[in-house]
Chemist: 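I have a structure I would like to understand better, so I am pasting it below and will then ask my questions one at a time.
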Amino acid sequence: MAIVMVVGLSGTGLYLGTREDLVATGGLSQALLRASPDASELTAVFSQYLPADMALSDRQALLDENGFACSVEAAEVAGSRYLRCLRPTQSTGYCQGINYYAYETASGEIIETLGSPYDASRERNLLGRCDGPRQEYQTGRGSEE
């Protein structure tokens, strides 16, 4: 009986240690997953869903709906800020996914956006996942908003 309990607890621990949270999907995330993992192509897909005049908070809301974890952070120029977002690709152990960045000036103008793939596979742990991106996705970063 004790062996069965140990095996059961070990199996549960392994499952909890390797499982991935479900990631929300929407039109944007589906289009990104169909795109090639090239920064210019990903940026082009983002621009189809996030028009240049869209406010940072509206961008964040749409990205949240599409499975991204986002934060708004102060930029080095006074009054400016940037939106940083991360979306892991399902079944990669948080080791691969997509980043999104948007820079907003103090006047509220979005002057730069970038979509890029990330691959942290060389940081895989014994359970096959990447804890840095996993922790970043699950906890997010501090937000000024």
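Small disclaimer: the values here were computed from a predicted structure and weren't measured. One is the number of the first residue; the rest follow in order along the sequence.
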Chemist: Taking the side chain as every heavy atom from C-beta outward, state whether Gln96 and Ser121 have any pair of such atoms under 4.5 Å apart.
Modeler: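 Heavy-atom side-chain distance check passes, below 4.5 Å.
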Chemist: Following the transitive rule for hydrophobic clusters with a side-chain heavy-atom cut-off under 4.5 Å over Ile, Leu, Val, Met, Phe, Trp and Tyr, establish whether Met54 and Val45 coincide in one cluster.
Modeler: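 Hydrophobic grouping puts Met54 with Val45.
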Chemist: Under a 4.0 Å N-O cut-off, is there an ion pair linking Arg84 with Glu73?
Modeler: yes
Chemist: Assess, by modelled atom type and distance only, whether the side chains of Ser107 and Glu109 contain a donor and an acceptor separated by less than 3.5 Å.
Modeler: no
Chemist: Hey, is CD on Gln30 packed in by over 12 heavy atoms from elsewhere, all under 6.0 Å?
Modeler: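 Counting other residues, nucleotides and ligands, CD of Gln30 exceeds 12 neighbours.
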Chemist: Can you tell me how far apart CZ (Arg122) and SG (Cys95) are? Round to the nearest 0.5 Å.
Modeler: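 Interatomic distance, Arg122 CZ to Cys95 SG, rounded to 0.5 Å: 10.5 Å.
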Chemist: Compare every heavy atom of Ala106 with every heavy atom of Ala78, then report the nearest pair and how far apart it is.
Modeler: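 Heavy atoms of Ala78 and Ala106 come nearest at O-CB, 3.8 Å.
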Chemist: Check step by step if side chain to side chain donor-acceptor pair (under 3.5 Å) holds for Arg87 and Tyr100.
Modeler: CA-CA 9 Å; Arg87 185 187 191 285; Tyr100 174 78; over 6 Å; no
Chemist: Count the heavy atoms of every other residue, nucleotide or ligand shown that sit under 6.0 Å from CD of Glu112, and state whether that count exceeds 12.
Modeler: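 No - once you tally the heavy atoms of other residues, nucleotides and ligands closer than 6.0 Å, there are 12 at most.
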Chemist: Can you spot which of Val72, Ile111, Ile110 makes a side chain to side chain contact (heavy atoms under 4.5 Å, CB included) with Glu104?
Modeler: Ile110
Chemist: Should Tyr118 and Thr89 be marked as a side chain to side chain contact (heavy atoms under 4.5 Å, CB included) after you check the CA-CA gap, both sets of side-chain angles, and the distance that decides it?
Modeler: CA-CA 10 Å; Tyr118 78 84; Thr89 302; over 6 Å; no
Chemist: With heavy-atom distances below 4.5 Å as the criterion, would you say the side chains of Ile98 and Pro117 are in contact?
Modeler: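 Not in contact.
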Chemist: Mind checking the CG-OG spacing from Leu83 to Ser71? Nearest 0.5 Å is all I need.
Modeler: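 Atom-to-atom, Leu83:CG and Ser71:OG are 7.0 Å apart.
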Chemist: What about Leu56 and Tyr49, same hydrophobic cluster or not, with Ile/Leu/Val/Met/Phe/Trp/Tyr joined at side-chain heavy-atom distances under 4.5 Å?
Modeler: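 Yes; tracing contacts between hydrophobic side chains, which count when under 4.5 Å, links both residues.
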Chemist: Side chains of Asp38 and Ser36: donor-acceptor distance under 3.5 Å anywhere?
Modeler: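 Side chains of Asp38 and Ser36: no pair found under 3.5 Å.
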Chemist: Please give me the minimum heavy-atom distance between Gly115 and Thr43, naming the atom from each residue.
Modeler: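 The answer is N-OG1, 2.8 Å.
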Chemist: Side chain of Ser47, backbone of Ala44: donor and acceptor closer than 3.5 Å?
Modeler: yes
Chemist: Do Phe68 and Gln60 have side-chain heavy atoms sitting under 4.5 Å apart?
Modeler: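 No, their side chains stay 4.5 Å or more apart.
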Chemist: At their closest point, which heavy atom of Ala74 faces which heavy atom of Tyr82, and how far apart are they?
Modeler: O-CE2, 3.5 Å
Chemist: When you compare the side chain of Asn66 with that of Thr25, does any pair of heavy atoms fall below 4.5 Å?
Modeler: no
Chemist: Taking the side chain as every heavy atom from C-beta outward, state whether Leu32 and Phe46 have any pair of such atoms under 4.5 Å apart.
Modeler: yes
Chemist: Tell me, do Tyr101 and Cys85 make a side-chain contact under 4.5 Å, heavy atoms counted?
Modeler: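 No - every pair of side-chain heavy atoms lies 4.5 Å or more apart.
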Chemist: Do Thr113 and Arg59 have side chains that get closer than 4.5 Å, going by heavy atoms?
Modeler: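 Thr113 reaches Arg59 side chain to side chain.
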Chemist: To the nearest 0.5 Å, what is the distance between CG (Asn99) and CG (Leu114)?
Modeler: 8.5 Å
Chemist: Less than 4.5 Å apart, any side-chain heavy atom of Cys130 and any of Asn125?
Modeler: no
